[in-house]
Amino acid sequence: MSIKVIGTGSALPKKQVTNQDLEKLVETSDEWIRERTGISSRYISTGETLASLTADACERALENAGRRAEDIELLLVATCSPEREIPCVACQVQSAIGADCAAAYDLNAACSGFLFALNTAYAYVEAGIYQNALVAGGEVLSKIVDWTDRGTCILFGDGAGAVVVEKCEQGGVLGFVQHSDGARGDVLRCDSRALKNPYVDRPMETEFVLMDGRQVFAFAVRQVPAVIQEVLDQTGIKVEDVDLFVLHQANQRIIEGIAKKLKADLDRFPVNLDRVGNMSSAAIPVLLDELNRQGRLKPGMKLVLSGFGAGLTYGACVIEW
Ligand code: UT7
């Protein structure tokens, strides 16, 4: 028994911000950003909220799947940029779309979040607890990025993606692996609250994303090929049998480094980061939705999904579409 993706959806904010727009904010250039990251533009919320973007993505996924919100049993939202601590985004989305019967909660594994949420849905269905799930990844990273820090503000974008999954007897998720390395968590972090109570008052270092880009880069190029190989070994599938590698969209050079290590042609690594930037947990489901709507995902195709990021967290799964 497994789960099958039966519908996809995504939503991006209206405002597109180009590299040229960022040249007016920080000391950078379109050329530097494109050469070092592959990114040309990203979408930034100017009113859309995490809940509104994620609800739109979920509604589109339900429509694409031909399912009703009220029939969903589990609603998981992966995010690391919630505007509210409580209630969770999943409960806000539940209310917005009318998924009244679903158990709804958030999950934070940063850029691996969507993948870990998908694996969680798989485990629930495998255990016989639920028959279906709506799994989303959504971010408004523009709200936690320091817009004066050229090392980070050029990378990130806002958006949301979602999939509807259902129990299936054949195909679907064939296997997954997920790992965490909390000891190295400081290389990418964001503190959201000062220690403040009647007994202590300690100011925060910063409330924005802090990143050692080179360390994250090296981690991704080392660990992602290894974790992909691990899941391929687990499922008995060879690199050459994989039709598409749907990777977290962080940096074009990271994707090229991973493809090279796996000895796989780059044309099997679809990319949308040039247009949308790094959307953390929204990256994989938005890319999946774009591929689905472009008709590039055919029944029987083998896909590898792989996420990696803050935590540090990383993982991969194999899906027979
Ligand atoms: O989802 C996971 C989230 N994080 C990531 O994926 C980040 C992974 N890391 C990266 O993508 C890359 O490390 C970056 C794109 C962040 C940086 O690229 P890099 O090739 O590692 O550059 P660097 O940090 O080594 O900096 C090289 C130079 C430095 O100047 P000096 O010291 O050589 O004079 C930086 O100050 O580039 C400078 N620099 C910039 N210049 C123009 C850094 N950011 C910028 C910028 N525009 N935006």
Side-chain angles (χ1 to χ4, degrees), residues 3 5-16 42-84 87-99 102 104-118 120-121 132-143 156-166 246 248-249 270 272-273 275-294 297 305 307 319:
I3 54 167
V5 176
I6 59 161
T8 63
S10 61
L12 298 172
K14 280 188 288 298
K15 176 134 186 89
Q16 190 173 18
R42 70 289 290 145
Y43 292 84
I44 299 296
S45 154
T46 52
E48 298 90 347
T49 64
L50 179 55
S52 72
L53 287 168
T54 311
D56 286 350
C58 285
E59 277 182 336
R60 286 168 198 162
L62 284 165
E63 193 185 354
N64 187 245
R67 295 293 185 269
R68 300 177 322 161
E70 53 268 41
D71 296 330
I72 295 297
E73 297 176 11
L74 174 68
L75 199 176
L76 296 176
V77 177
T79 186
C80 62
S81 54
E83 289 128 337
R84 286 185 189 163
C88 65
V89 184
C91 283
Q92 297 171 59
V93 171
Q94 173 187 37
S95 162
I97 69 173
Y105 61 90
D106 295 356
L107 189 153
N108 178 359
C111 306
S112 310
F114 172 78
L115 189 82
F116 282 26
L118 190 67
T120 304
N132 66 42
L134 186 48
V135 182
E139 303 288 0
V140 281
L141 296 163
S142 61
K143 297 181 183 177
F156 299 106
D158 300 339
V163 299
V164 180
V165 295
E166 241 173 41
V246 182
H248 170 50
Q249 302 284 297
N272 66 358
L273 64 85
R275 190 167 35 86
V276 299
N278 178 346
M279 298 187 296
S280 190
S281 62
I284 292 175
V286 170
L287 181 56
L288 258 189
D289 183 49
E290 290 180 3
L291 294 168
N292 191 21
R293 284 168 199 267
Q294 288 160 9
L297 306 178
L305 272 46
I319 296 183

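Note that this is a predicted model, so its numbers are computed, not measured. The residues of the chain are indexed from 1 along the displayed sequence.
- Checking side-chain atoms of Ser81 against main-chain N and O of Glu139 turns up no donor-acceptor pair under 3.5 Å.
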Working for side chain to side chain contact (heavy atoms under 4.5 Å, CB included), residues Gln92 and Glu83: CA-CA 11 Å; Gln92 297 171 59; Glu83 289 128 337; 5.6 Å; no

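- Heavy-atom minimum distance, Ser281 versus Ala110: CB-O, 3.4 Å.
- Formation of a donor-acceptor pair under 3.5 Å by the Asn64 side chain with backbone atoms of Thr8 is found in this model.
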Verdict with reasoning, Leu62 to Ile72, per side chain to side chain contact (heavy atoms under 4.5 Å, CB included): CA-CA 9 Å; Leu62 284 165; Ile72 295 297; 3.8 Å; yes

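- Nearest heavy atoms, Asp106 versus Ala90: OD1-N, 2.8 Å.
- Shown here is Lys143, whose NZ atom has more than 12 heavy atoms of other residues, nucleotides or ligands within 6.0 Å.
- Ser52 places no side-chain N or O within 3.5 Å of a backbone atom of Glu48 that could act as its donor or acceptor partner.
- The CG atom of Leu53 sits 10.5 Å away from atom OG of Ser10, with the distance rounded to the nearest 0.5 Å.
- Considering all non-hydrogen atoms of both residues, Ala78 and Phe114 come closest at CB-N, 3.5 Å.
- Here CD1 of Ile97 is found 6.5 Å from CD of Glu59. Values are rounded to the nearest 0.5 Å.
- If you check the side chains of Ser45 and Asp158, you find no donor sitting under 3.5 Å from an acceptor.
- The side chain to side chain contact (heavy atoms under 4.5 Å, CB included) search around Ala61 returns Leu134, Ala162, Val164, not counting sequence neighbours.
- How far CG of Leu76 is from CG of Leu107: 6.5 Å, rounded to the nearest 0.5 Å.
- Residues Leu118 and Val135 come closest through the heavy atom pair N-CG1, 3.8 Å.
- Legend: residues meeting side chain to side chain donor-acceptor pair (under 3.5 Å) with Arg67, ordered by chain and number and at least two apart, are Glu166.
- Between the CG atom in Asn278 and the NE2 atom in His248 there is a gap of 3.5 Å [rounded to 0.5 Å].
- Residues passing the side chain to side chain donor-acceptor pair (under 3.5 Å) test with Asn132: none are found, sequence neighbours excluded.
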CA sep, side-chain torsions, deciding dist, call: Phe156, Ile44, side chain to side chain contact (heavy atoms under 4.5 Å, CB included): CA-CA 9 Å; Phe156 299 106; Ile44 299 296; over 6 Å; no

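- In this structure, Leu12 CG and Arg275 CZ are separated by 7.0 Å, a value rounded to the nearest 0.5 Å.
- For the atom pair CD of Glu290 and CG of Leu297, the computed distance is 11.5 Å after rounding to the nearest 0.5 Å.
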Step-by-step side chain to side chain contact (heavy atoms under 4.5 Å, CB included) determination, Thr46 to Lys14: CA-CA 8 Å; Thr46 52; Lys14 280 188 288 298; 5.7 Å; no

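- Summarising the local packing, CZ of Arg84 is surrounded by 12 or fewer heavy atoms from other residues, nucleotides or ligands at distances under 6.0 Å.
- When all heavy atoms of Ala104 and Cys88 are compared, the pair lying nearest together is O-SG, 4.0 Å.
- Closest approach of Gly159 to Ala282, counting heavy atoms only: O-CB, 3.3 Å.
- The side-chain heavy atoms of Val286 and Tyr43, taken from C-beta on, include no pair separated by under 4.5 Å.
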